> 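Shown below is the structure under consideration.
Note that the structure is predicted; figures quoted are calculated from it, not measured. Just so it is clear: chains get the letters A, B, ... in the order the sequence lines come, proteins before strands, and each one is counted from 1. When reading the values below, keep in mind they use all heavy atoms of this one structure, side chains included, and skip hydrogens, waters and symmetry mates.
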Protein chains: 2
Amino acid sequence: MDLNSRKFKILQAIIDDYILYGIPVGSRTISKKYNMGLSSATIRNEMSDLEELGYLEQPHVSAGRIPSVKAYRLYVDSLIKSGVLEGTSSLNLQSYFNKHIKHIEDILSHATQVLSELTNYTALAILPKDTSEKIRNLKIIPVTKDTALLILVMQSGSVYNKVIRINSGLSVDTLNHISNLLTESLSNKNIDEVSGVLFDLIKDLNSNRDFLIKLSDSIKYMVNYENHNKLTLGGTSNIFNYPEYASVEKAKSILTLLDTQDELVELLKQYGEMQFTVKIGPENGIIGLDDCSIITATYSTPTNARGTIGIIGPTRMPYKHIIQILNNVSYELTNLFDDN
Amino acid sequence: MDLNSRKFKILQAIIDDYILYGIPVGSRTISKKYNMGLSSATIRNEMSDLEELGYLEQPHVSAGRIPSVKAYRLYVDSLIKSGVLEGTSSLNLQSYFNKHIKHIEDILSHATQVLSELTNYTALAILPKDTSEKIRNLKIIPVTKDTALLILVMQSGSVYNKVIRINSGLSVDTLNHISNLLTESLSNKNIDEVSGVLFDLIKDLNSNRDFLIKLSDSIKYMVNYENHNKLTLGGTSNIFNYPEYASVEKAKSILTLLDTQDELVELLKQYGEMQFTVKIGPENGIIGLDDCSIITATYSTPTNARGTIGIIGPTRMPYKHIIQILNNVSYELTNLFDDN
DNA sequence: TGTTAGCACTCAATAGCAGTGATTGCTAAT
DNA sequence: ATTAGCAATCACTGCTATTGAGTGCTAACA
């Protein structure tokens, strides 16, 4: 027994119906609504086979059947193979943004907002992390007697800042001097080059050794960790639109996850390797998220750094529709950055 | 008929019991558990009076009674009068923070986290807004041909940054020049003085007029609006700990509110006028938030700018406990800033 | 006059139960 | 290979009876 074309058609009909109504689908429904030219009894036999093959599940014996994760997976794979990811964007994301020039953080926050409105699911995204991005400018501004502010501006316009402790022996002029020296020697260098450059500088200067080492660490820390462990969220409360999360425990578990962020950030980072991912139910690997699907796409900045944007929702999800929207949004997002 | 001391004692017992268990309280419960030395019948009579006075409500005739907003208000007022706000903090917030020097944003975010864990409610806070805060440093860094980054550092170490459009006629050197000039003339000035200083500068320079005006607007915008319209949240999913929000619509409405932020930000700003506020149920004035209480306290930074931190939860709330915790947290928070 | 015991009454909540209907699996006929 | 027919299953619905926590009222009591 294998999955012939008739079985596939029936399975598809069941998935479509279940996605639409969210209640178990019976043989009679398929026979009548999806005019297959087959009686309910025949469908019944096929459904029994499909269950044996692992594509369908039965909540209880007198209920209809619901698609399994395996079925969704088949469905999504065939969708993607059929070219749902192609086609130009009918969406003009640009029009959703006002004309102010914005930071990437603002753009992304806005994009998740838009995405959540378009899909009615919760949207989530992470900022791109670009180790090859070049430093543009560096400045050390004294704040108190023994603290200063380290400000780092990247070529893309990203700004990082961090309070650092300074040796009280360092005068404002010295700091200014170091600041200028560093801007000069670090500009157009990327993060991986910082250590090397500072090492050379230490040799030349032969003073302020500890301070420069600490600076180097701070710079690396800022660029590598700050911002890149933070989820951008949109439409958090959309979760409640679905009967799957009508029970408070379910909703709580997912909202706690969104609150905690860490696990999801890791997931998105991981997914960022792929242009497009669809993780159905337990495929995402997070315990307690077995009945959620996560769909992600990557977007890129002009410097070719890649971030991830996606949505999270119940396993029962109009995959085709959502995939198209997400595809468009990530495409438009990339465009938007190019223009800016 | 007025609220004599016995009635008050009974009312207090009812409130205590209801806060603890969340189910309507009957006369027998009070008579037995709170050994008043009175029979249930007597309590019954008193409860009937209390209902007439507006302190109690009956969900239905054969249920017990629950405290009204008026009752909670009386209870909280008497708590505050009895000096619950005094007494030193037994809490050492400092120990919750690691030893890294942090930005105020990080500290506040951490503080809401701690507060939500201590109270089991959702904590919310806004950053202080200090119009008297002085500018320390200003820098304009070109990013693309026609955009630049405006970076503003305040005396407190707060950093604002914004992408601005520049006239392509402006060279890097000119920008640098303007940047230095502005740092010189604006440092130690507060926001209200920016317009005046720039006006004088325009007269002297007699060029780049439009650019300087735009800069002045940008500066004012950054300091006045950025950051100050953003809620810092902690323990969002704590809402689900309470049977009051077991229904999904309830939970959804409050989470949507937290999502939207605007209304709550306005509220907190307004409450910032007071050292301490307890708004019970409809007293907060937000529609759809009739059955939530909001308790806030102000904290202050070394420059005497005041921010607001608080919690939001169901009307049934252990006010005494929460007020004490919040009082301690705001006190410790203020201390923390002083040390830093 | 305030307090209390007693009692009838109310009503939400719960449990039990029968009926309904959607759906299945199996069998026998086509 | 397909289908009609049928018994069996079982969640769901709606009805009824029961329970029990609670009230208000009245009459007796200190």
> Rounded to the Å, how far apart are Lys32(B) NZ and dA5(C) P?
12 Å
> Looking at Ser68(B) and Glu57(B), would you say the former's side chain and the latter's main chain have a donor-acceptor pair under 3.5 Å?
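No.
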> Distances under 3.5 Å only, N/O to N/O: pair up the protein atoms with those of nucleotides 14-17 of chain C.
none

> Which ones in residues 37-63 of chain B lie close to DNA chain D, meaning a heavy atom under 4.0 Å from one of its atoms?
Arg44(B), Met47(B), Gln58(B), Val61(B), Ser62(B), Ala63(B)
> Can you see whether Tyr55(B) has Lys70(B) sitting over its ring - NZ or CZ less than 6.0 Å from the centre and within 45° of the normal?
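So Lys70(B) does make the cation-pi contact.
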> In terms of ring plane angle, is the pair Tyr242(A) and Tyr121(A) parallel, tilted or perpendicular, where the classes change at 30° and 60°?
parallel
> Which of these passes side-chain hydrogen bond (donor to acceptor under 3.5 Å, both in side chains) with Ser27(B): Glu46(B), Arg65(B), Lys32(B), Arg44(B)?
Arg44(B)
> Would you mind reading off the distance between Arg65(A) atom CZ and dC10(D) atom P, rounded to a whole angstrom?
14 Å
> For atom NZ of Lys9(A), is the number of surrounding heavy atoms from other residues, nucleotides or ligands below 6.0 Å larger than 12?
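Count not over threshold, so no.
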> What is the distance, rounded to the nearest whole Å, between atom NZ of Lys7(B) and atom P of dG2(C)?
10 Å
> Surrounding NZ of Lys7(A) (heavy atoms of other residues, nucleotides or ligands, distance under 6.0 Å), is the total greater than 12?
yes
> Are Tyr245(B) and Phe240(B) close enough that their ring centres sit under 6.0 Å apart?
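No, the ring centres sit 6.0 Å or more apart.
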> For Arg6(A) and dT2(D), is the shortest distance between a side-chain N/O and OP1 or OP2 below 4.0 Å?
yes
> Between atom CD1 in Ile14(A) and atom C1' in dT24(C), what is the gap in whole Å?
13 Å
> Students often get this wrong, so: under 4.0 angstrom with heavy atoms, is Arg28(B) touching a base, only sugar-phosphate, or nothing?
nothing
> Under 4.0 Å between a Lys/Arg side-chain N and an Asp/Glu carboxylate O for Arg73(A) and Asp77(A)?
yes
